[in-house]
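Side chains included, hydrogens not; waters and symmetry mates left out as well; all remaining heavy atoms used. It should be emphasised that the depicted structure is a prediction, and the values quoted were computed from it without experimental measurement.
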Amino acid sequence: MSIVREQNTSRDGTSEHKRVVLAKAVMRAFDEWELPNTDRQVLLGLGADNRTTLKRYSEGRPLNNTRDLLDRVGHILGIYKGFQLLYPENPEIRAGWLRSPNRRFQGRTPIEVVRQYGLPGLLMVRAQVDRMRGH
């Protein structure tokens with residue numbers, strides 16, 4: 001393996017180019033959902049003091065090559081795709097669902113579930129979207 005390949009590939013084999021594509025995709029989802037930076041940080045597992053990392057991603061720089069972040073982005077994009085399939089003609093529902101109280105989460109918003117439980121909370125939210133789609 002060449003040194004260049006080692007520098008451009010994460011430990012799990014995700015290339016730098018793919019991490020750039022993922023960063024753009026997740027930021028596009030966040031923009032469509034009209035999420036404030038604090039909610040974006042929660043979903044990505046970033047601390048409140050990590051606004052510069054979020055800004056880098058919004059500028060099209062590659063995601064950090066951590067397993068946690070790549071897993072989170074995979075689930076976020078799964079939620080995004082699920083809503084594109086469930087509500088292709090209703091961007092208002094797609095934009096508001098993550099911030100709306102949900103009886104399946106005891107009246108909490110999906111963002112609050114992720115804030116409380118971290119990655120397991122994100123998995124709970126993704127599972128709910130998958131159930132809504134009948135999977």
Side-chain angles (χ1 to χ4, degrees):
M1 180 184 291
S2 74
I3 293 174
V4 172
R5 177 153 168 74
E6 287 176 18
Q7 290 173 346
N8 290 333
T9 304
S10 70
R11 288 182 282 291
D12 72 342
T14 306
S15 71
E16 183 174 332
H17 173 73
K18 184 173 182 181
R19 289 183 284 121
V20 167
V21 170
L22 289 171
K24 289 178 182 179
V26 78
M27 296 310 289
R28 188 170 46 250
F30 289 165
D31 290 344
E32 183 177 314
W33 291 335
E34 301 172 355
L35 293 178
N37 284 343
T38 55
D39 290 346
R40 294 171 189 222
Q41 289 167 285
V42 165
L43 289 172
L44 292 174
L46 301 174
D49 59 340
N50 234 334
R51 285 181 297 225
T52 56
T53 300
L54 194 60
K55 187 175 187 309
R56 283 195 342 257
Y57 298 155
S58 69
E59 294 170 346
R61 296 206 186 128
L63 296 172
N64 291 335
N65 62 359
T66 65
R67 181 83 247 152
D68 180 73
L69 180 61
L70 295 173
D71 285 348
R72 284 172 177 273
V73 168
H75 293 300
I76 293 164
L77 294 177
I79 292 166
Y80 179 76
K81 180 180 177 183
F83 277 111
Q84 291 288 343
L85 295 170
L86 282 166
Y87 306 106
E89 303 298 323
N90 200 328
E92 294 83 22
I93 290 176
R94 293 192 312 258
W97 189 83
L98 286 171
R99 295 182 318 251
S100 298
N102 189 308
R103 72 184 198 306
R104 295 246 158 66
F105 300 126
Q106 292 76 45
R108 293 174 293 167
T109 69
I111 293 286
E112 290 170 334
V113 171
V114 178
R115 186 175 285 118
Q116 180 176 357
Y117 296 108
L119 181 57
L122 185 58
L123 292 169
M124 292 165 57
V125 172
R126 168 92 186 264
Q128 178 57 36
V129 172
D130 289 346
R131 278 192 295 278
M132 291 166 64
R133 288 189 47 227
H135 288 105

Looking at R133, I'd like to know if its CZ atom is crowded, meaning that more than 12 non-hydrogen atoms belonging to other residues, nucleotides or ligands lie closer than 6.0 Å.
yes
Within the side chain of N102, is there an N or O that forms a donor-acceptor pair under 3.5 Å with the backbone of R104?
yes
Minimum heavy-atom separation for L63 and R19, please, with both atom names.
O-NH1, 2.7 Å
Same cluster or not: are L85 and Y87 linked, directly or through other Ile, Leu, Val, Met, Phe, Trp or Tyr residues, by side-chain heavy atoms under 4.5 angstrom apart?
no
Are L69 and L123 linked, directly or through intermediate hydrophobic residues, by side-chain heavy-atom contacts shorter than 4.5 Å (ILVMFWY only)?
no
With a 4.5 Å heavy-atom cut-off, do L22 and Y57 have their side chains touching?
no
Test of understanding: with salt bridge (Lys or Arg N to Asp or Glu O under 4.0 Å), list the residues that count as partners of K18, not counting sequence neighbours.
none
Quick check: is Y80 connected to L54 through a chain of hydrophobic side chains (ILVMFWY, heavy atoms under 4.5 Å apart)?
yes
State whether the side chain of R99 and the backbone N or O of I111 hold a donor-acceptor pair below 3.5 Å, judged by distance alone.
no
Please report the interatomic distance CD(E16) to CZ(R61), rounded to the nearest 0.5 Å.
11.0 Å
Geometric class of the F83/W97 ring pair [parallel <30°, tilted 30-60°, perpendicular >60°]:
tilted
Side-chain (R56) to main-chain (P62) donor-acceptor, under 3.5 angstrom
no
Can you pull the side-chain hydrogen bond (donor to acceptor under 3.5 Å, both in side chains) pairs that have at least one residue in residues 35-50, sequence neighbours excluded?
D31-R40, D39-R115, N50-T53
For the hydrophobic clusters of this structure (ILVMFWY residues joined by side-chain heavy atoms under 4.5 Å, transitively), does one cluster hold both V21 and V73?
no
Nearest 0.5 Å please: distance from the CD atom of Q84 over to the CG atom of N90.
11.5 Å
Member of E112, Q128, Q116 meeting the side chain to side chain contact (heavy atoms under 4.5 Å, CB included) criterion with F105
Q128
Any idea which heavy atoms bring T109 and L98 closest together, and the distance?
CB-O, 3.6 Å
Rounded distance (nearest 0.5 Å) linking atom CD of E59 with atom CE of M27:
9.5 Å
Minimal non-hydrogen separation, P110 against S100, with atom names:
CD-O, 3.4 Å
Ion pair check, E32 and R28, cut-off under 4.0 Å:
no
Parallel, tilted or perpendicular: rings of W33 and F30 (30°, 60°):
tilted
CD1 of I79 to NZ of K81: how many Å apart, nearest 0.5 Å?
13.5 Å
I need the I76 CD1 to L44 CG distance, nearest 0.5 Å.
4.5 Å
Once rounded to the nearest 0.5 Å, what's the spacing between atom CE of M124 and atom OH of Y117?
5.5 Å
Can you see which heavy atom on R72 is nearest to which on L43, and at what distance?
NH1-O, 3.1 Å
Closest non-hydrogen atoms of P101 and G107, given as atom of the first, atom of the second and distance, are CB-O, 3.3 Å
Minimal non-hydrogen separation, L86 against V129, with atom names:
CD1-O, 4.3 Å
